[in-house]
Each structure stands twice: as structure tokens, then as C-alpha cells.
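What follows is a single structure, written as C-alpha cells, with notes after it.
Along the sequence shown, residues carry numbers from 1. Remember, it's a predicted structure, so these values are computed and weren't measured experimentally. Just so you know, these numbers use all the heavy atoms, side chains as well, and skip hydrogens, waters and symmetry mates.
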Amino acid sequence: QVQLVESGGGLVQAGDSLRLSCAASGSTFSSYAMGWFRQAPGKEREFVAGIGRSILNTYYANSVKGRFTIARDNAKNTVYLQMNSLKPEDTAVYYCAAKDGRYYSTLSNEYDYWGQGTQVTVSS
């Protein structure tokens, strides 16, 4: 069992930055691949970024590539999402998720544990 708690969301203006954190507890964090997803009102949950057990194994949705960075600190049992140059279309509830295995997935149904989400709102 893994418990995930996201933090760091908020209301910002277009062009600003935010760093989301996801703290894990309850199991061996380093054995999980991690992902960030988001869900905007009226839309399906979508993949944002993933990181495998190896910090070198990362992948981004095209919509955030070059602006967002995913990272993990196994000593702190935490995964981060650094979000720069935010746009109004980035407004959503952001969720972190843990997948038992070496590699991330872009498919939400392949993740085993989810956090409760944190709201990010970007005003124009």
C-alpha cells in the first residue's frame, strides 16, 4: 500500500511557475514508477509526465514538453513536478500516481495508487 499526498497547487498568472510535490508513505517508494496526470472540468484525465525507477527515465506529454520537469527524490519519498511558463490551458486538478514496476505508463489505468489531487489555476 502506498499513500500519496500532493501539495503546491494554487492560483497563478500566465507565465508564472509552480512546483507540485507528491509525498509517498507506506511502502518502498523507490520501487515504484510515478506519474503526474491532470483533469480539467468537463475533460478526461490526461497524462502529463512520468518517471521510472531511474531518474533518467522520464517522458512528457507534448503539451507540456519543454515547460514541465518531473523529478524524484527517493531519500525524501517525494516526486516533483516543476511547471514553468504556465498557460491558462494548464488549469486542472493535478494528481500523482504510483505504478508498481520499473517503467512509467501514459495510461491511467495502469497505476495502482493515486493521490487526492491539487488544484492549479492559471489566469490570463
| note | With R38 as partner, the option from E44, E46, E6 fulfilling salt bridge (Lys or Arg N to Asp or Glu O under 4.0 Å) is E46
| query | Is the NZ or CZ atom of R72 both under 6.0 Å from the centre of the six-membered ring of F29 and within 45° of that ring's axis? | reply | yes
| remark: Closest non-hydrogen contact found for R67 with S85 is NH1-O, 2.9 Å
| field | Stepwise side chain to side chain contact (heavy atoms under 4.5 Å, CB included) check, D100 with Y113 | value | CA-CA 9 Å; D100 191 4; Y113 304 100; 5.9 Å; no
| remark: What one should report as the nearest heavy-atom pair of L4 and A24 is CD2-CB, 3.6 Å
| What's the verdict on side chain to side chain contact (heavy atoms under 4.5 Å, CB included) for V120 and M83, showing C-alpha distance, side-chain angles and the deciding distance? | CA-CA 10 Å; V120 172; M83 305 186 296; 3.9 Å; yes
| said: Distance alone, cut at 3.5 Å: any donor-acceptor contact between the side chains of T78 and D73? | reply: no
| message | Give me the atom names and distance for the closest heavy-atom approach of G117 to V93. | response | CA-CG1, 3.8 Å
| S7: what forms a side chain to side chain contact (heavy atoms under 4.5 Å, CB included) with it, not counting sequence neighbours? | S21
| query | V48 versus F68: any side-chain heavy-atom pair under 4.5 Å? | reply | yes
| query | What pairs of residues pass the ring pair (Phe, Tyr, Trp, His ring centres under 6.0 Å) test when at least one of them lies in residues 84-112, not counting sequence neighbours? | reply | F37-Y111, Y59-Y104
| request: State yes or no: do Y80 and Y32 share one hydrophobic cluster built from I, L, V, M, F, W and Y residues joined by side-chain heavy-atom distances below 4.5 Å, directly or via other members? | output: no
| Which pair of heavy atoms, one from P88 and one from S124, lies closest together, and at what distance? | CG-CB, 3.8 Å
| task | Please answer: with hydrophobic residues joined when any side-chain heavy atoms are less than 4.5 Å apart, are W114 and V79 in the same cluster? | result | no
| message | Under 3.5 Å, is there a donor on one side chain and an acceptor on the other for S108 and E110? | response | no
| query | Measuring from K65:NZ to T58:OG1, what's the distance to the nearest 0.5 Å? | reply | 10.0 Å
| said: Let me check something: do M34 and F47 share a hydrophobic cluster, defined by ILVMFWY side-chain heavy atoms less than 4.5 Å apart, either directly or through other members? | reply: no
| request: Measure the spacing between OG of S105 and NZ of K99 and express it to the nearest 0.5 Å. | output: 6.0 Å
| request: Output, in order, the C-alpha distance, side-chain angles, deciding distance and verdict of side chain to side chain donor-acceptor pair (under 3.5 Å) for T91 and E89. | output: CA-CA 5 Å; T91 295; E89 51 264 44; over 6 Å; no
| For L86 and L18, what are the C-alpha separation, side-chain angles and deciding distance, and is it a side chain to side chain contact (heavy atoms under 4.5 Å, CB included)? | CA-CA 8 Å; L86 282 161; L18 276 177; 4.1 Å; yes
| task | Could you list all the disulfide (SG to SG under 2.5 Å) pairs where at least one residue sits in residues 87-124, not counting sequence neighbours? | result | C22-C96
| message | Run the side chain to side chain contact (heavy atoms under 4.5 Å, CB included) test on I51 and N57 for me, step by step, so that the C-alpha distance in whole Å, both residues' side-chain angles and the decisive distance to 0.1 Å come before the verdict. | response | CA-CA 6 Å; I51 186 166; N57 179 220; 5.8 Å; no
| Looking only at heavy atoms, which two atoms of R53 and S31 are closest? And how far apart? | NE-O, 3.0 Å
